[in-house]
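To start, the structure under review is shown below, and the notes come after it.
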There are 2 protein chains.
Amino acid sequence: MRKLGLVPTIQRLVVLEFLENNHTHPTAEEVYQGVRNQFPSLAKATVYNVLDALKKAGGIQELTIAREAARYDYNPDPHPHFLCRICGNLYDVDLPCSIRPGDKIGGHLVEVAQVYLYGICAQCQKQSSLDKNESKTGPGRSSASTKRRNDAGAP
Amino acid sequence: MRKLGLVPTIQRLVVLEFLENNHTHPTAEEVYQGVRNQFPSLAKATVYNVLDALKKAGGIQELTIAREAARYDYNPDPHPHFLCRICGNLYDVDLPCSIRPGDKIGGHLVEVAQVYLYGICAQCQKQSSLDKNESKTGPGRSSASTKRRNDAGAP
DNA sequence: TCTAAGTCTATAATTATTCTAATATGAATA
DNA sequence: TATTCATATTAGAATAATTATAGACTTAGA
């Protein structure tokens with residue numbers, strides 16, 4: 001925490017630890033809910049403040065992959081992300097990126113580069129083909145988890 | 001408009017025409033303001049509906065490059081975008097993209113791929129070096145246009 | 001023209017995020 | 001250790017983008 005140039009308060013440590021243990025790229029709200037159990041006095045504004053401070057210090061990164069809410073990644077190094085429009089899960093993706101901070105493109109100085117992919121994740125593809133087979137014999141059920149909203153929007 | 005499978009209402013035509021003539025990637029609010037002059041009865045909800053319909057029909061694309069508001073691009077073909085954190089302008093960028101819709105990455109089916117770049121645009125770099133020289137001789141002035149909010153946030 | 005389906009308008013509601021002002025805490029100093 | 005100052009936290013209100021709702025209005029096709 002000190003390496004980031006931040007005063008190491010208990011709130012910051014708790015939030016950072018939560019992100020360290022939850023690589024699901026939670027929203028600020030999800031961080032707030034997840035941390036409330038072990039730290040009920042934590043205010044939601046503090047979650048926003050802490051996430052912002054950590055982001056600005058380079059300890060985490062913020063993802064604007066979905067319009068509804070920002071998501072936070074414990075890993076501050078740039079790497080592509082994949083958002084499933086069925087289940088809403090957000091995955092890290094391993095791909096080489098041709099653009100680096102410091103590059104100039106069309107005269108514009110690049111400081112941050114984000115690659116966001118949208119589609120159907122491996123698990124939901126599998127589920128959807130299972131559902132199709134099921135529907136030949138019995139009543140089907142939705143393959144979509146309702147963990148997050150259902151139509152996580154591709155732009 | 002019919003090619004998109006949409007009922008060609010006057011509202012849809014006016015919004016689409018506005019985007020055709022304004023390649024600045026406006027927000028829904030900016031579309032609304034820009035169209036009000038020639039069509040004062042247009043409701044803001046209609047702007048959202050129309051933009052959503054056009055997006056779903058594949059006539060335009062929605063960009064979630066900034067957390068504050070979605071932006072809309074008359075060109076529905078995927079291509080990288082650059083957001084300047086000084087002036088807030090959003091630029092199209094010409095870069096080959098290695099990922100195509102239909103690709104599978106780590107088992108995930110990619111339908112849409114977005115590349116978002118954040119930094120300082122060519123014009124603002126120039127302006128900032130001008131300001132530095134100015135400040136040696138006289139009182140400086142901010143180089144930042146206030147056209148949009150000033151700290152268009154990189155994630 | 002008549003009708004059903006789809007669209008538009010105005011307004012209210014929702015939701016993520018930011019602001020504000022008071023309080024509390026951490027770091028530096030006497 | 002007591003004091004001080006800057007910074008952080010809290011709770012709640014405020015803001016702003018977006019979505020939902022309900023009724024009026026168009027559009028396309030018979």
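Order of the sequence lines sets the chain letters (A, B, ...), proteins ahead of strands, with each chain counted from 1.
With C:dT9, D:dT18, D:dA28 as the candidates, the nucleotide lying closest to the side chain of B:Pro8 is D:dA28. In this structure, the nucleotide among C:dT17, D:dT18, D:dT9 sitting nearest to the side chain of A:Asn49 is D:dT9. Side-chain proximity of B:Arg2 to the nucleotides D:dA28, C:dC8, C:dT17 is greatest for D:dA28. The listed nucleotides are C:dT17, D:dA8, C:dT9; the one nearest the side chain of B:Gln11 is C:dT9. Between D:dT18, C:dC8, D:dT10, one nucleotide has an atom nearer to the side chain of B:Tyr48 than all others, and that is D:dT18. Proximity note for A:Thr9 (side chain, C-beta onward) versus D:dA8, C:dT7, D:dT18: the nearest is D:dA8. Distance from the side chain of A:Arg67 is smallest for D:dT18 among the nucleotides D:dT18, D:dA8, C:dA10. Nearest nucleotide to the B:Ala28 side chain, out of C:dC8, D:dT9, D:dT18: D:dT18.
Using modelled atom types and a 3.5 Å distance limit, the side chains of B:His81 and B:His79 yield a donor-acceptor pair.
The backbone N or O of B:Thr64 lies less than 3.5 Å from a partner atom in the side chain of A:Thr64, making a donor-acceptor pair. No donor-acceptor pair closer than 3.5 Å links the side chain of B:Gln11 to the backbone N or O of B:Val47.
Nearer to the 5' terminus of DNA chain D, by closest-nucleotide assignment, is the contact made by A:Val7 (compared with the other of A:Ala45 and A:Val7). Taking for each of A:Leu42 and B:Glu29 the nucleotide of DNA chain D with the nearest heavy atom, the 5'-most of the two is the partner of A:Leu42.
Ring geometry for B:Phe82 versus B:Tyr91: interplanar angle of 30 to 60°, hence tilted.
Per the geometry, CG belonging to B:Leu63 stands 16 Å off C1' belonging to D:dA17, to the nearest Å. Distance CG (B:Leu51) to C1' (D:dT19): 14 Å, rounded to an integer number of Å. A straight line from CG of A:Asp52 to P of C:dT18 spans 7 Å, rounded to a whole angstrom. As a whole-Å value, the separation of B:Ile10 CD1 from D:dA28 C1' is 17 Å. Between the P atom of D:dA17 and the CZ atom of B:Arg71 lies a distance of 12 Å, rounded to the nearest Å. Atom CG of A:Leu54 and atom C1' of D:dT9 are 15 Å apart (whole Å). With rounding to whole Å, A:Arg12 atom CZ is found 15 Å from C:dT25 atom P. If you take CG of A:Leu13 and C1' of D:dT9, they are 14 Å apart, rounded to a whole angstrom.
Environment of CG in A:Asn21: crowded, with over 12 heavy atoms of neighbouring residues, nucleotides or ligands closer than 6.0 Å.
Between A:Ser41 and D:dT9 there is no side-chain N or O to OP1 or OP2 distance below 4.0 Å.
Using a 4.0 Å heavy-atom criterion, one finds that B:Ala53 contacts no nucleic acid atom at all.
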